[in-house]
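What follows is a single structure, written as structure tokens, with notes after it.
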2 protein chains.
Amino acid sequence: MATIRTKSKSSSGQAQIPNPSLSVKRITIVEVAKAARVGTMTVSRALNRPEMVSADLRKRILKTVEDLGYIPNRVAGGLASGTAKAISVIVPTLNHPVYVPFLEGLYSLLPQEGYQILLGTNEYQLDAEENLIATLLGWQPDAIVIAGVDHSLRTRNMLAQARVPVIEIMDLTEVPIDMNIGFSHEQVGIATANFLADRGYRHIAYAGMLSQLDLRGAKRMKSFVTTLKRRKLGHYIVSNDKPSSIGVGKTLMVDLLEKHPQVDAVFFANDDLAAGALFECQRRKIRVPKDIAIVGFNDSEIASQVNPALTTVSTPRFEMGRLAADMLLRRLRGTRVDSARIDIGFRIVEREST
Amino acid sequence: MATIRTKSKSSSGQAQIPNPSLSVKRITIVEVAKAARVGTMTVSRALNRPEMVSADLRKRILKTVEDLGYIPNRVAGGLASGTAKAISVIVPTLNHPVYVPFLEGLYSLLPQEGYQILLGTNEYQLDAEENLIATLLGWQPDAIVIAGVDHSLRTRNMLAQARVPVIEIMDLTEVPIDMNIGFSHEQVGIATANFLADRGYRHIAYAGMLSQLDLRGAKRMKSFVTTLKRRKLGHYIVSNDKPSSIGVGKTLMVDLLEKHPQVDAVFFANDDLAAGALFECQRRKIRVPKDIAIVGFNDSEIASQVNPALTTVSTPRFEMGRLAADMLLRRLRGTRVDSARIDIGFRIVEREST
DNA sequence: TTTGCTTATGATAGCGTTATCACGATTTTT
DNA sequence: AAAAATCGTGATAACGCTATCATAAGCAAA
């Protein structure tokens, strides 16, 4: 099937906007002040602390601002005030269902308080993280949000020296750099192992990425396996180091069935993987949960919609983002934040796949 | 199933970082210059245009920078140079499978060239778009990327007056503000209608959101229906104004089967909706494509993985992002960009659901 | 040798805001 | 009525960097 493009004149001529260097001078606060016959400070106040300016003057200034189409230069304002009204956010990747809901949680609160989010992704490379943080710190953010609690020493130092609120999310640590919101991945592994063992499964596998690529998954895997061992049950591991996706879930399932045909339950590193595995079972007419039970992780939408619906571990990602934003805002307002470390918990959601 | 939290001391005491206002003075370029016994300009050059500084001096300066842990203040630099090295990006929402791959395309090129992405979402509200743009323009971005080609007059004016490269994406228009990369949603509607009609389907439906919430979907729907009419085929529409998701796909399918039981093919506004509908068919033992054919839109991963795999319209989202980034970078480097409007096309991918 | 041309470095003046202090004009208190 | 406090406004000096011009040193050309 060939790519379809519009038949007619597909691409028109030159770009229409002239060279910016020739452009007319932008309107600054000085122009506004002149036009409104006041000082620049009064304009600044009318915009930022309206209650400090008398009602009629404020009205006049706001009208002038509107008429001239003045847009305050945040870069200049940031330099002058020392606070750029920006918050740096570092996540491993956007290409994973976990981080988007978390970001939406942040976006649901921060912009309306005037904060711009500066998003950086390190694509799971720990060394890239250091550069990324240096870059993001250069914007003089008012706070930093970073996924995970396992950072290089240099990263920790840079973050601590930034002398700015830092919040580590998605995982828990006993020694946060500053604030920390998340849940215990070790506990997830234990709970899931017990859940499956209690339901009578005897040959239980973990499937996901390992090592650097999914540090938190590795934590779940470790405690999952330890728990199974303690309960003297068969345990198996299949892994794949490609970025997580439905297709990789299929591969993992194929792999698992080949290597360990006796397996009767699998805990996947996330719901996409679990769904991919489920689809593969459908194709092979393997009955879920009768022949094999599947447990996902995150409670993404897909988990509740497939047939059979997936048992999974519900993690409050949106809420984590919102709570993180809320804690930061309170901290930035100067309010004391009394718990620097919040265990937001998780829940096993039992559906039809176990 | 109760939420599980770590048993022990769940939240520890106070945040560890002291009040920023008490903090020691940050290291600036002046400190570096003093320590390296050079002028500030030489430090600036050593960092930004290393070829302008003699090799030994450069080495000394870079070592000093390293020793002191100096991080250049981009806000100050941006103010001084007039270019903040930032690019504003406006998308409707993150909560939709289309925008993330597009953003990844941008992220695959812009940060490595030193540009920070300033991301804003308007959650589909056109009036929010104006505020958002004003906010983002305040950062003096070097360029602006915006999803869609249908903007309010005010928005168009603000963008044009910003005197900065603007690139509209995801859709095509004859009158771009500046640059434009996308494909024709009208053509998608026509092509899909013809595709289904040619395969013998006679009672064909469109299912998706309508109106403001999905302007581009509405364009597809319109030309889809027009084409069906021209071919004298039955056409039906079901819609729902909740944000698109797998669950909504199920609802739409339920709705459709109830209102128009004679339907034999459906074109969904995206793959998530289509997948949700497919899952509902599975539950009801409706055979796809025998009883009803399903076509999705976007070629997201889920489309190729479900059973039966979904026929869908492949849209190059990542590539669109990458191409947009590439065009912007060339423009920012001063190179002439010879086509201001690119029709990137689409492809119907036939799989098992038709 | 003198002149001119590079090249490497530094001094200085902004960039567009906001913090701060100062100053009248009011209002309140004594 | 005088003194004190409060309020609204503006002048000015940063904020930390880079553009620009000036200068010194080195070297080639005349």
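Every chain is numbered from 1, with letters handed out A, B, ... down the list of sequences.
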The side chain of A:Thr42 is closest to which nucleotide in this list: D:dT18, C:dG16, D:dG10? D:dG10
DNA chain D: 5'-proximal contact among A:Ser54 and A:Thr40 (nearest heavy atom): A:Ser54
If you find the nucleotide of DNA chain C closest to B:Ala76 and the one closest to B:Leu57, which residue's nucleotide is nearer the 5' end? B:Leu57
Rounded to whole Å, CD of A:Glu51 lies from P of D:dG8 at a distance of 10 Å
Given atom CD of B:Gln140 and atom C1' of C:dC15, what is their separation to the nearest angstrom? 10 Å
Mind calculating the distance between CD1 (B:Ile61) and P (C:dA8) to the nearest angstrom? 13 Å
Between A:Asp56 and A:Ser54: side-chain donor-acceptor atoms closer than 3.5 Å: yes
Do any side-chain nitrogens or oxygens of A:Asn73 fall under 4.0 Å of OP1 or OP2 in C:dC15? no
Side-chain contact test, heavy atoms from C-beta onward, threshold under 4.5 Å: evaluate it for A:Ile344 versus A:Leu323 and give yes or no. yes
Ranking C:dT17, C:dT9, D:dG10 by distance to the side chain of A:Val38, first place goes to D:dG10
Under 4.0 Å, heavy atoms only, any strand: does A:Gly77 hit a base, just the sugar-phosphate, or nothing? sugar-phosphate
Should the heavy atoms of other residues, nucleotides or ligands under 6.0 Å from CZ of B:Arg49 be counted, would the total exceed 12? no
Take the protein atom CE of A:Met41 and the nucleotide atom C1' of C:dA22, then report the distance between them rounded to whole Å. 13 Å
Looking across every strand, which nucleic acid part, if any, lies under 4.0 Å from B:Val75 by heavy atom: base, sugar-phosphate, or nothing? nothing
For side chain to side chain contact (heavy atoms under 4.5 Å, CB included), just list the numbers for B:Thr83 and B:Gln140, CA-CA rounded to whole Å, side-chain angles, deciding distance to a tenth of an Å, and then say yes or no. CA-CA 7 Å; B:Thr83 159; B:Gln140 311 292 113; over 6 Å; no
Nearest to side-chain heavy atoms of B:Ser44, which nucleotide of D:dT20, D:dT18, C:dG16: D:dT18
Quiz item: B:Arg74 side-chain donor-acceptor pair to D:dG16 base, under 3.5 Å: no
Would you check if B:Val38 and B:Val32 make a side-chain contact, meaning some heavy-atom pair closer than 4.5 Å? no
Distance check needed: C:dT18 P versus A:Asp142 CG, whole Å only. 14 Å
Separation of C:dT18 atom P from A:Arg45 atom CZ, nearest Å, is 11 Å
Please pick, from D:dG16, D:dG10, C:dG10, the nucleotide with the shortest atom-to-atom distance to any side-chain atom of B:Thr28. D:dG16
Between P of C:dT18 and CG of B:Leu79, the distance in whole Å: 12 Å
Whole-Å distance separating the CE atom of A:Met52 from the C1' atom of D:dT6: 12 Å
